Structures are given as C-alpha cells and as structure tokens.
Amino acid sequence: MFRLSIISLSFLLAGCLSLDPHYQRPAAPVPAVWPAQGTQPAATTVLTGWQHIMTDSRLNAVVAKALTSNRDMQEAIADIEAAKALYGEQRASLFPTVDAELTQTRSRTQDAGVSGTATADGAVSSFEIDLFGRNRSLSTAAKETWLASESTAQNTRLTLIAETSTAWVTLAADNSNLKLAQDTQKSAADSLRITRLRQKEGVASGPDVSESMAVYQSARASVASYQTLVAQDINALNLLVGETVPQNLLPGTLEDLSPEAIALVPAGVSSSVLLRRPDVQEAEHNLKSANADIGAARANFFPTLSLTASAGVGSSSLSNLFSHGANVWSFAPGLTLPLFTGGSNTAQLRYAEAEKKGLIAAYEKSIQSAFKDVANALARRATLSEQLDAQQQYVAASQRSYDLARRSYETGAGDYLTVLTDQRSLWSAQADLIALQQTDFENRITLWQSLGGGVK
C-alpha cells in the first residue's frame, strides 16, 4: 500500500504548473489573394493529391515507385523515427523509474558466529517532481521537434514527387528534341542529295552544296547531342526513383502526351492554403519547440523537488523473506533552490527568447517565400496559353514558308539561300515550341507543389 502511495503521489505532483508562454500563431504577412486574382474572392479549396494530378498512368507508376525506393525518402523516414524516439526518451522523465531489488548479505563475527540479512524492495530513484513544468516543457519541445521532422519528411516527399515528374517530362522533351533533330537530319540529307544532283546538271552552285552540307552536319551533331541527353535523363530518373525504371513506363515524346497528362490545380484558392505547406508547418513546429524551451528556461529559476523512496520486506534469512519478513521502508525527499548560478539561468532564458524571435521571423519568411512561389507560377500561367498558341501558329507559318521556298527552288524559280533560311527558322521555331510545351507541364507541377501539394 505504501509503495502504491509513493507512485500515486509522484503522478499527482507531476506537471503541476507550466511556465511556457501562451502560444499564438503569428499572422501571415501576405495578402489573402494572389496578384493574378485581383479583388476576386478566394476559396479555401482543398488541393488535389498527386495521384489525381499526375494522370498519365506511366508517370503515376513512376512516382509511386520513387516514394517507395528513393533513398532520400528513406532517410527522412528514419529521421522521423529517431526524433520520435528522442521524444519518448524525454517524455519518460515525467514518470518515476521504479526498480525492484533483492539482496542478501552474510557476515561472521567471533562472538555471534554467522549471521545474515535479506531484503526485497521497490524503489523510486531520484525522481524530480515537476512542480514548475520544466520536464513537461522539455517534453513538449521534443514533441514539436518530432513533428517538425515529420513535416520535413512530407516536404521531402512533395519535392520528390515534383522532381520525379519534372525529370519524366524532361525526358519526354528531349525525346521530342531528338526526334526533331532526326527529322531535320533526314530532311537535310534529302536536300543535300537534290542539291548535288542539281550541281551535276549545272543548275546549283558549289556554295549551295556547301550550305546544304552545313545544315546536314549541324542536324547530325544535334542528333548525337540529344541521344546523350536522353541517356542522361534516364539515369537521372533512375536515381530519383531509386531503381531502374522499366522501359514501358518511360515517356515517348511530348507530342504523344495528353494535354492533361499533368492536370492543372483548381483556380481561385485562398493564400491561407500556404499554412498547410510542409515547409511552413515545419517552421511553425520549430517555433512551438522554442516556445516550450522558454518555459523550461523559466523553470530553472525555481526550486526542484526530487524524491528517493523505497518500500519492501526484510528478514534474517532468504527463506523467510516473504513469509515472516518485516516491513522496511525509506522516504528521502530533497529540495534544491538555485541561489547563485553565475548568470547561467538568465543567459539560457535570454537565449531561448532570442531563438523564438528568430524562428518567428523564419516562420513569416517561409510564408512569404511560399506566396512568392505561387505568385510566380500564376504569373507564368497567365501568359503561357497565349504564348503556346502563338508559337504553334508560328511553327505552322514557318512550315508553309519552307515548303514554298523548297518547291520554288526545285522548279528553278527560287534561290537556295531562301530555302536554307526558312529551314533554319522552322527548326528553331519547332525547338521553341517543344521548350514551351515542356514549360507548360513543368509550370503545372510547380503550381501544385508551391500550393502545398494537397492531401496525401
């Protein structure tokens, strides 16, 4: 009964008071709506998870593999487990440690002969009763550090999804550039053959053949260059995924992808969704941890009460210990009052308060950076569709101009310089269109990521 009383008293006294400052989330230092929305009301729409954004079945499968096999993701998960274990270790200080001990001693004296004693007891060793919440504050700080590590892992996950999707799109774009270079090489080879025939007939000049050869060799060099880039893109994708991506999950060209292979996130989302971004949540957990550290630093100015107690039975022989043993107990509370610490406690408190001020600034900056990311993505989105349409029209016009110039030259009505100029313009326009198509997909990924990525 006495042992139960000791333990019960310890639990009742634990965490009687908290000296943590009242926590209040700092106001978000950004507008409620994005610059592109103007005065339109913003909805607090819950963003869509990645499975509904990466709608291409191949890309969806690649991202799923990356989330399982990527080594950075595995490291982040291990960090969560480590932080959780540290929290469990710190939280254990809120409870007493009870040990059971069985001892026996024997001695011989000349007068009394052989004698012995045996004891069995349970003991609470140096348990600090948390009168002013110091241990509870430290436990709270450790918990917030653990939660911050979870947000770090979630941010790693979000970044991995975005980087994997971007790498997959980059591979598709370079496949498109490779196909364009191969088509241009084939067209240039055909032009070179025709120019050489016309030279034999005395219609084309030597410079015409040289110019045609230059275009062919330039296209040939581009083919080799893009073959290298495609191989490197596959290597980069394999590294992100953490394993070799099967051939059937690799993309073809951008032209083969559906325009909705990567969906566009809902418009009109309130800037308050930024509070759900993993990096913003990580900053807030760090701020809460610093807030708890202030409480622990304040508690250092107050007395600490420690308890050492034991209760059990004792007997002159081990065989009679539990049948005829006598009750034995001890109770030794200790009170420690800090009188002089050389300014250490004051310095710790000032340090904790300064840390909190710095983390408030870091939290506010994380929101501002997040707002900038979204605003930039929306600004690019606002003009991208028009630019894509204009570039497609430009490619079509360049194709018609080249076809006309080539037919005119083959019939003897035009000069070869016009053909070469139009051919280079068409090649450049097609390459710019591929780059814009790549930018369109990457902007969709960036916008989804910068808004926080939605649900898991």
Side-chain angles (χ1 to χ4, degrees), residues 18 20-50 52-53 76 80 83 137 140-163 264-295 352-382 442-456:
S18 173
D20 295 359
H22 173 68
Y23 176 76
Q24 185 173 1
R25 175 185 286 171
V30 293
V33 296
W34 317 106
Q37 291 179 218
T39 58
Q40 297 178 356
T44 55
T45 307
V46 177
L47 298 180
T48 307
W50 71 266
H52 305 292
I53 293 294
I80 292 176
S137 295
T140 299
K143 180 181 180 180
E144 294 299 333
T145 299
W146 160 38
L147 295 176
S149 71
E150 285 193 332
S151 295
T152 301
Q154 182 66 12
N155 194 44
T156 301
R157 184 176 185 273
L158 188 66
T159 302
L160 175 61
I161 293 171
E163 288 183 348
L264 193 59
V265 298
V269 180
S270 167
S271 65
S272 63
V273 300
L274 297 179
L275 299 180
R276 296 199 292 265
R277 270 184 44 147
D279 56 338
V280 174
Q281 291 184 341
E282 178 188 355
E284 184 171 15
H285 284 306
N286 288 332
L287 176 56
K288 289 180 178 179
S289 178
N291 192 70
D293 283 336
I294 292 177
E353 291 173 339
E355 280 285 290
K356 181 179 178 180
K357 290 179 182 178
L359 289 170
I360 288 175
Y363 172 73
E364 292 174 340
K365 184 178 179 181
S366 69
I367 295 178
Q368 290 175 333
S369 297
F371 187 89
K372 182 206 71 172
D373 292 342
V374 177
N376 285 345
L378 287 173
R380 188 68 185 96
R381 186 85 245 156
E442 290 180 351
N443 177 262
R444 293 169 183 237
I445 297 170
T446 300
L447 183 56
W448 173 80
Q449 180 189 15
S450 60
L451 283 169
V455 295
K456 295 182 180 180

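Everything quoted here is computed from the prediction, not taken from an experiment.
At distances below 3.5 Å, at least one donor-acceptor pair connects side-chain atoms of Ser149 with backbone N or O atoms of Trp146. Judged by distance alone, the side chain of Asn291 and the main-chain N or O of Pro21 form a donor-acceptor pair under 3.5 Å. Side-chain atoms of Thr446 never come within 3.5 Å of backbone atoms of Asn443 as a donor-acceptor pair (strictly under, hydrogens ignored). Here the side chain of Arg444 pairs no donor or acceptor atom with the backbone of Val265 at under 3.5 angstrom.
Nearest heavy-atom pair, Ile360 versus Pro26, reported as atom, atom and distance to 0.1 Å: CG2-CG, 4.2 Å. Heavy atoms only, all atoms of each residue included: Leu274 and Ser450 are closest at CD2-O, 3.8 Å. The minimum heavy-atom distance linking Pro278 with Gly452 is given by the pair CD-O, 4.2 Å. Of all heavy-atom pairs spanning Ala377 and Leu447, the tightest one is CB-CD1, 3.9 Å.
For Ser369, the side-chain contact (heavy atoms from CB on, under 4.5 Å) partners are Lys365, not counting sequence neighbours. In this structure Pro29 satisfies the side-chain contact (heavy atoms from CB on, under 4.5 Å) test together with Glu364, Ile367, Gln368, sequence neighbours excluded. In terms of the side-chain contact (heavy atoms from CB on, under 4.5 Å) criterion, residue partners of Leu147 (sequence neighbours excluded) are, by chain and number, Lys143, Glu144, Glu150, His285.
Ile294 contributes atom CD1, which lies 5.0 Å from atom NZ of Lys356 (distance to the nearest 0.5 angstrom). Considering CD of Glu282 and OH of Tyr363, their distance stands at 13.0 Å, rounded to 0.5 Å. Put simply, CG on Leu264 and CD1 on Ile53 are 8.0 Å apart, with the number rounded to the nearest 0.5 Å. Rounded to the nearest 0.5 angstrom, Asp279 CG and Gln154 CD are separated by 11.0 Å. In this structure, Leu359 CG and Lys288 NZ are separated by 13.5 Å, a value rounded to the nearest 0.5 Å. Within the model, atoms CZ of Arg277 and CG of Leu158 stand 8.0 Å from one another, a figure rounded to the nearest 0.5 Å.
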Verdict with reasoning, Trp50 to Arg157, per side-chain contact (heavy atoms from CB on, under 4.5 Å) = CA-CA 11 Å; Trp50 71 266; Arg157 184 176 185 273; 3.6 Å; yes

